[in-house]
Amino acid sequence: MKVAVTAKGVQLSDEVDPRFGRAPYILIVDTETMKFDAIDNNDNVNAFKGAGIQAATMISEKGAEVLLTGYCGPNAFKTVDAAGIKVVSDVTGTVEEAVAAFLAGPVEYSTGANAEGHW
Amino acid sequence: MIISVASGKGGTGKTTVATNMASALGRGVRLLDCDVEEPNAHLFLNPVLGQAEEVTTFIPEIDDELCTGCKKCAEICRFRALAVVAGKVLVFPELCHSCGGCMEVCEEGAVLDGNRILGTVESGSAGNVLFSHGRLRVGEAMSPPLIEKVRSINENNGITIIDAPPGTSCPVIAAIKGADFVLMVTEPTPFGLHDLKLGVEAVKTLGIPCGLVINRSDIGDDGVREYAAKEDIPVLLEIPFDRKIAEAYSVGKLIIEVRPEWADKFRDLYNRIEILARC
Ligand code: SF4
Ligand code: SF4
């Protein structure tokens, strides 16, 4: 399964960035092999509006089924939801730890946005 | 002659100035209340209003049957109001600026006119004053097109007074651009000064001459006057605190109703604006 994790850098050992739309990188991690693909989200970071929507579209195109992040705004949530991606929010630690915690379970998926817009 | 009455924040007496000036000038002047989120000029002028006219704007509605998920619409949208995920188009109405680009670019005819209601416009008259105002639909965020609609009502004797929304963002710009003069209303306090500065910046960017009315001019400090002198902004009228005026306001009455001698001052205010705007 592919899991998208918002990150401050391009390594599994980098910290999870709590912001979804405005995280500098999003790592798409294959949970079977722990191989990953780092998406550069920097174009989105400075977007005035719609950053979350854009990021959500990107991870959907990359085939992610789950998103691990800190906060997810309403527009981003609407987009990932339409893409059938489940969201785990309030995630902390490194990307590796976040994925491990997700795999170990139990997982609580978000049922809605947990941030105002502009994330 | 189009005069926009503006202020950096709400509650400075902007509507008081706009309605009193309109009423003092009387015959054939048109007052446009463009503070569409909270129109309140009618409370002072008590106009007899005709039927409310709905104002709508374009918003894409996607026909899922026709849509092939090609993403052309999302790619052309500068405002990121569209996203294509799992082969379906999502529309984010609050980001849409109604430019119509998505409809233009869709080769499948899948983008339909969703026609969103922005609000209503009502017109009528209050004695000699011609009156129009817009009222934004509750929950609607896109006020500039509604403000433009209100501003398009221009039948008058040559004088239009616009009650602009407070602040300095897009709605304010929509209410002051193209005006011949912007009258800023402020209070002589540090907060008033702070917001005034922001307002003046916006007006200057648009290159419109402006002047100042200082409300409750006998409270506060001299910061506003010093700023005005430094920036070469003429102070055209000072309205001191007056219990009678404050009481009149609280029951929806004009200053010139309770203090008739003020009618001359408001006419004089207009005359000075006319001179400043022409030079
Ligand atoms: S351009 Fe038309 S067909 Fe293509 S995704 Fe948009 S609505 Fe669908
Ligand atoms: S009308 Fe313009 S702003 Fe609105 S969705 Fe279409 S392209 Fe985007």
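The structure presented is a predicted model; accordingly, all values stated were derived computationally and were not measured. Sequence lines set the chain letters: A, B, ... in the order given, protein chains first and strands last, and positions in each chain run from 1.
Scanning both residues, B:Val85 and A:Ala82, for their nearest heavy atoms gives CG2-CB, 3.7 Å. The nearest pair of heavy atoms linking A:Ser60 to B:Ala86 is OG-N, 4.3 Å.
Under the side-chain contact (heavy atoms from CB on, under 4.5 Å) rule, B:Leu90 has a single partner from A:Ile53, A:Asp81, A:Thr79, A:Thr57, which is A:Thr79.
More than 12 heavy atoms of other residues, nucleotides or ligands lie within 6.0 Å of NZ in A:Lys8, so this atom counts as buried by the packing criterion. Annotation: A:Lys78, atom NZ; neighbour count of heavy atoms from other residues, nucleotides and ligands within 6.0 Å is above 12. Within 6.0 Å of the CD atom in A:Glu61, the count of heavy atoms belonging to other residues, nucleotides or ligands exceeds 12. More than 12 non-hydrogen atoms from other residues, nucleotides or ligands lie less than 6.0 angstrom from CZ of B:Phe79.
Counting heavy atoms from C-beta outward, B:Glu94 and A:Asn75 have side chains that approach closer than 4.5 Å.
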